[in-house]
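Reminder, nothing fancy here: chain letters follow the sequence lines and each chain counts from 1. Side chains are part of it too, since the values below use all heavy atoms of this structure and drop only hydrogens, waters and symmetry mates. Quick caveat: nothing in here was measured; it's all calculated off a predicted structure.
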2 protein chains.
Amino acid sequence: MFDAIRGAILDHRLAPGTKLREVSLAELFGVSRAVVRSVLARLGHAHLVELRPHRGAAVATPSLEESRQVFEARRAVEEALVAKVARSAEARDVARLREWVASEQAAYARGDERDGVRRSVDFHRRLAALAGNAVLARYLDELVSRTPLIALAHRGSAPAPCGCEDHLALVDAIAARDESRAAALMRAHIGHLEAALNLRPRTPPQSLAEVFGRAPAGR
Amino acid sequence: MFDAIRGAILDHRLAPGTKLREVSLAELFGVSRAVVRSVLARLGHAHLVELRPHRGAAVATPSLEESRQVFEARRAVEEALVAKVARSAEARDVARLREWVASEQAAYARGDERDGVRRSVDFHRRLAALAGNAVLARYLDELVSRTPLIALAHRGSAPAPCGCEDHLALVDAIAARDESRAAALMRAHIGHLEAALNLRPRTPPQSLAEVFGRAPAGR
DNA sequence: CCAGATCATCTTGTCAACAATGTGGATATG
DNA sequence: CATATCCACATTGTTGACAAGATGATCTGG
């Protein structure tokens, strides 16, 4: 059930802000409200739903500031992870990573963008797994899980797929055991992701005059 | 109630491995089992208690590998945090940090080690708060919360207080806006913490022969 | 005397009902 | 006519009891 709701949010089948009423979910999944409550608590802790006391649960709508902080956290975590992988990865691991990037490219090449994006995200997870640090890997998992929600809430126009070229370059740096280059590439890659999401304020101090297209004195 | 149990674990009043039975806690705090269950779930997510299905909750006993991963994660997170603080901190913030370190030193000087350790930990939290990234700050909070448990489970001999000199040097680097020096100092500082905990395997493949002081053929 | 299986007991997981709180609409009033 | 208040409804938070699973002792057989 947790995975079902999580998947629905990640696949953009549940829009941000959608209220998640306990009774509806309970009868929908054929379970009691208690377990629904438990699942919602877990989703809340993963920041996929927002829980406000006495006011129910809703699919999270990450603010711009929050989104930027998530990307900044990704930079910190993934730089450390990729550096460690570059330090310790074996040839077989590198080969598997390369295969995976190829499968990404294949997915995009045949036009299956959904599968491509999923594989691109999984690339980051696999990289994290190779680092052999469960703590950082879990943080990364949480952060990448929040990313689709951010994309939906603040995307400009493009669907923003993970650039495969970046991934390929990363694998090359890892294969060359070039720790610092790998970290720099990762930093750049996450910068690309963030830029592709058009994460600038959508007109942040969005004045009312601008919205209604008239001067404040007008009336 | 969450804070009560959390505090008890952090203050070493609840030893690792202690079983936390739901009914006991329920009648102890005068609440229902449902809320106990919710609290335990939260503690489990914070990795302060270990939750095994149908087998109850117990105060977590972090393994050596896990402990090392926590410190590695702290390096990644805190380096990023301190670098950002060095980039953006204002003079007033730096002054307050300096005051805080002074209060640490005062606590140690008057022999109040418990208060000193608490203030030392809080130094890291305050630093995190100054960085202005709620995501990373929360990760840091989780990581430092796990540290006392690690200390209790694997400490060598010393109680391992946070070295105030390290903190002072960090503040100096921040004041000088020297991002890379601050990061390096932080890395070193966490290294000191880890070393002080004597986190090497306590004799990890601890052979039985070693334990009983006789050769395996002996009998 | 020891090993394995059985059963009582305890603990956790789940459920349905009760109480408390927030929400929206209808009503009264300046 | 706009605003503030009150009330009914809906939703969440909490409680107690029931069912499923695990733990440990007892009992039987070798």
Side-chain angles (χ1 to χ4, degrees), chain A residues 1-9 13-63 66 138 149 153 208 211-212 214 216-219, chain B residues 1-9 13-63 66 138 149 153 208 212 216 219:
Chain A
M1 173 169 183
F2 177 84
D3 288 332
I5 301 181
R6 174 187 155 110
I9 295 176
R13 297 185 42 157
L14 275 172
T18 306
K19 293 203 68 173
L20 300 173
R21 268 169 265 276
E22 297 182 357
V23 282
S24 316
L25 291 171
E27 53 194 31
L28 191 61
F29 283 88
V31 292
S32 172
R33 265 185 53 216
V35 36
V36 173
R37 177 171 275 279
S38 155
V39 168
L40 287 178
R42 283 175 60 193
L43 288 166
H45 201 102
H47 291 267
L48 292 179
V49 310
E50 201 170 345
L51 297 169
R52 284 176 308 179
H54 288 285
R55 300 184 69 187
V59 178
T61 62
S63 71
E66 203 179 329
R138 200 163 41 75
L149 212 48
L208 288 174
V211 172
F212 297 107
R214 43 167 51 175
R219 185 62 197 248
Chain B
M1 172 170 183
F2 177 85
D3 287 332
I5 300 180
R6 175 187 154 110
I9 295 176
R13 299 185 42 157
L14 276 171
T18 306
K19 292 204 70 175
L20 301 172
R21 269 170 264 277
E22 297 182 357
V23 282
S24 316
L25 292 172
E27 54 193 30
L28 191 60
F29 284 88
V31 293
S32 172
R33 265 186 54 217
V35 35
V36 174
R37 177 170 276 277
S38 156
V39 168
L40 287 178
R42 284 175 59 193
L43 288 166
H45 200 101
H47 291 266
L48 293 179
V49 310
E50 201 169 345
L51 298 169
R52 285 178 306 179
H54 288 285
R55 300 184 68 188
V59 178
T61 62
S63 71
E66 202 179 331
R138 190 176 12 252
L149 213 46
L208 288 173
F212 296 107
R219 184 60 199 249

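Shown here for Leu43(B) and Phe2(B), the closest heavy-atom pair between the two residues is CD2-CE1, 3.5 Å. Contact detail for Ala15(B) and Val59(B): the closest heavy-atom pair is O-CB, 3.5 Å. A pairwise comparison of heavy atoms in Leu51(B) and Ala57(B) identifies CD2-CB, 3.4 Å as the closest pair. The minimum heavy-atom distance between Pro16(B) and Ala60(B), with the atom names listed, is CB-O, 3.5 Å. When all heavy atoms of Ala58(B) and Gly17(B) are compared, the closest pair comes out as CB-O, 3.9 Å.
Remark: Arg33(A), Arg37(A) in residues 29-47 of chain A come within less than 4.0 Å of DNA chain D through at least one heavy atom.
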Problem set entry | Step-by-step side-chain contact (heavy atoms from CB on, under 4.5 Å) determination, Val49(A) to Ile9(A) | CA-CA 9 Å; Val49(A) 310; Ile9(A) 295 176; 4.0 Å; yes

Exercise. Are Ile5(B) and Leu25(B) close enough, and set up right, to give a side-chain contact (heavy atoms from CB on, under 4.5 Å), and what steps lead you there?
Worked result: CA-CA 10 Å; Ile5(B) 300 180; Leu25(B) 292 172; 4.3 Å; yes

Problem set entry | Annotated protein contacts, base or backbone, on nucleotides 19-24 of chain C with a non-hydrogen cut-off under 4.0 Å, one of B, S, - each | --SSS-

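One interatomic measurement links the two molecules: NZ of Lys19(A) to P of dT11(D), which rounds to 8 Å at whole-angstrom precision. Between the CD atom of Glu22(A) and the P atom of dA16(C) there is a distance of 15 Å, rounded to whole Å.
Leu20(B) places none of its side-chain heavy atoms less than 4.5 Å from the side chain of Val36(B).
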